[in-house]
**Q** 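Shown below is the structure under consideration.
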Amino acid sequence: MTDEERAPERIPGRTAAPAHADESTGAPLTGEDSTTPAFGDGTRAVRAGLPEPAKHEPTLPGPVFAAHFHLPGEPTGPYTYGRDENPTWTHLERAIGELESPADDSVETLVFASGMAAISAALFPQLRAGDAVVLPDDGYQALPLVREQLTAYGIEVRTAPTGGDAQLDVLDGARLLWLETPSNPGLDVCDIRRLADAAHARGALVAVDNTLATPLGQCPLDLGADFSVASGTKQLSGHGDLLLGYVACRDAELTAAVRRWRKIVGAIPGPMEAWLAHRSLATLQLRVDRQNANALALALALRDRADVTGLRYPGLPDDPSYKLATRQMRRFGCVVSFELPSRAGAERFLGALRLVDDATSFGGVRSTAERRGRWGGDAVPEGFIRFSAGAEDADDLVADVLRALDEARD
Ligand SMILES: *Cc1c(COP(=O)(O)O)cnc(C)c1O
């Protein structure tokens, strides 16, 4: 590793606090294999990644706009050229790292221009022609494109659904297992710890797409994953105003490969986006708790309607994912999915909503919903709705949805 590939020195003042849940009760771990949380999630979110206070300096330093940095003499890091490192990324990377694995100082996080850039950086450097990789067949919409590209490089791509442990049947000889849990848009959940143990026993690496859960919902690295990868475009930043991605990783060699890939591909976030994302992290716990509570309120309100079928929300006690979700998650996300009887009915429903924008993506403070089948690609019925609960008042949101459903009825 050259100097410019090396991470900048850690900023002092990191406050460790584990956030992973007890597997059987969902309660924060207090056993001997964990450190007692020093602070709650809200406290950790507002302070995440902040540098030590310095007189006359702002709490969160502003974005650093620089293509290059003063560099007389020997070109030593950390800050040399803007594609390699940027101080605004450094603060954000530390913040995300603290949330992804609070008790572990050795976790390094690298930010990217988008979630797809982060996914590519975890995946592509690890795979060679002749390797096999296991991808979900019900995961993020762009994964089929990734699959095509990997196949073109001579990599064998096997797929398995997220739920039901089907990954175990296709793991032998695989180099990497990719999990997305809860899956998007189907909201199935898989057992990260169990699958990670099975993969490691066969010599395979494990990556988890943590986009939907956010690090306040689940900590894949603490459940045994080698990579926790996510789109920061969604609930992590939460305002629908930027694209971002990250890879968090504990192993130095794996991290170096991700860093090298970022340098080669150059899929780097702008300083303004990185700064905005860091600023938004301060409200992560507020947003996530409010939005997820709204998602649950909505799911409860939809449960008994005759015109709604296939309702899924991992936080709903009678959801097929609930039992597993409560073991490895501390929060269940802001996405609810359900089916309406027809495409036309689904379109009428979306058109009748007043407080919910018909838009793709999810995780923002303003509720959005879309008829997922309009994209093609996802194996979903024509009337399938993916609903992302925002931070509106629950009563207003639920009333708007129920009214729109009534108006949309045949
Ligand atoms: C949106 C999303 C991505 C891709 O993220 P971008 O920031 O849009 O590139 C990856 N995985 C999941 C689960 C997503 O929802």
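Keep in mind that the numbers below use all heavy atoms, side chains included, and drop hydrogens, waters and symmetry copies. Counting convention: from 1, in listed order, for ligands and their atoms alike.
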**Q** Salt bridge check: are Glu100 and Arg44 linked by an N-O gap of less than 4.0 Å?
**A** no
**Q** Enumerate the atoms of ligand 1 whose separation from the nearest heavy atom of Asp209 is less than 4.0 angstrom.
**A** 10 (C), 11 (N), 12 (C), 13 (C)
**Q** Has Leu212 got any heavy atom lying under 4.0 angstrom from an atom of ligand 1?
**A** no
**Q** Heavy atoms only: which of Ala117, Ser231, Ala213 lies closest to atom 5 (O) of ligand 1?
**A** Ser231
**Q** Should the ring pair Phe349 and Phe338 be called parallel, tilted or perpendicular, given that the plane angle runs from 0 to 90° and is split at 30 and 60?
**A** perpendicular
**Q** Pull out every atom of ligand 1 sitting under 4.0 Å from any heavy atom of Thr211, numbered as shown with elements.
**A** 11 (N), 12 (C), 13 (C), 14 (C), 15 (O)
**Q** Where is the nearest protein heavy atom to atom 2 (C) of ligand 1: which residue, which atom, and how far?
**A** Lys234 NZ, 2.5 Å
**Q** With a 4.0 Å cut-off, would you call Arg290 and Asp393 a salt bridge?
**A** yes
**Q** Is the shortest side-chain N to carboxylate O distance from Asp172 to Arg158 below 4.0 Å?
**A** no
**Q** Could you tell me whether Phe362 and ligand 1 have an N or O pair separated by under 3.5 Å?
**A** no
**Q** Is the CZ atom of Phe65 crowded by more than 12 outside heavy atoms at less than 6.0 Å?
**A** yes
**Q** For ligand 1, which atoms have a heavy atom of Met116 less than 4.0 angstrom away?
**A** 4 (C), 5 (O), 6 (P), 9 (O)
**Q** How close does the nearest protein non-hydrogen atom get to atom 7 (O) of ligand 1, and which residue and atom is it?
**A** Thr233 OG1, 2.6 Å
**Q** At less than 4.0 angstrom from any non-hydrogen atom of Ser114, what atoms of ligand 1 do you find?
**A** 7 (O), 9 (O)
**Q** Run the numbers for me: atoms of ligand 1, each under 4.0 Å from some heavy atom of Glu180, listed by number.
**A** 13 (C)
**Q** Ion pair present between Arg403 and Asp400, side-chain N to carboxylate O less than 4.0 angstrom?
**A** yes
**Q** Assess whether a salt bridge exists between Arg371 and Glu382, defined as any Lys/Arg side-chain N lying under 4.0 Å from an Asp/Glu carboxylate O.
**A** yes
**Q** Below 4.0 angstrom from a heavy atom of Leu244, which ligand 1 atoms are there? Numbered from 1 as shown, please.
**A** 7 (O)
**Q** Can you confirm whether more than 12 heavy atoms, excluding those of Arg194, are under 6.0 Å from its CZ atom?
**A** no
**Q** Does this structure show an ion pair linking Asp105 with Arg94, if we count only N-O contacts that are shorter than 4.0 Å?
**A** no
**Q** Which residue and atom name correspond to the protein heavy atom nearest atom 8 (O) of ligand 1, and how close is it?
**A** Tyr140 OH, 3.8 Å
**Q** Within the 4.0 Å heavy-atom shell around Gly115, which atoms of ligand 1 are there?
**A** 5 (O), 6 (P), 7 (O), 9 (O)
**Q** State the atoms of ligand 1, each with its element, that fall below the 4.0 Å cut-off from a heavy-atom position in Ile119.
**A** 10 (C)
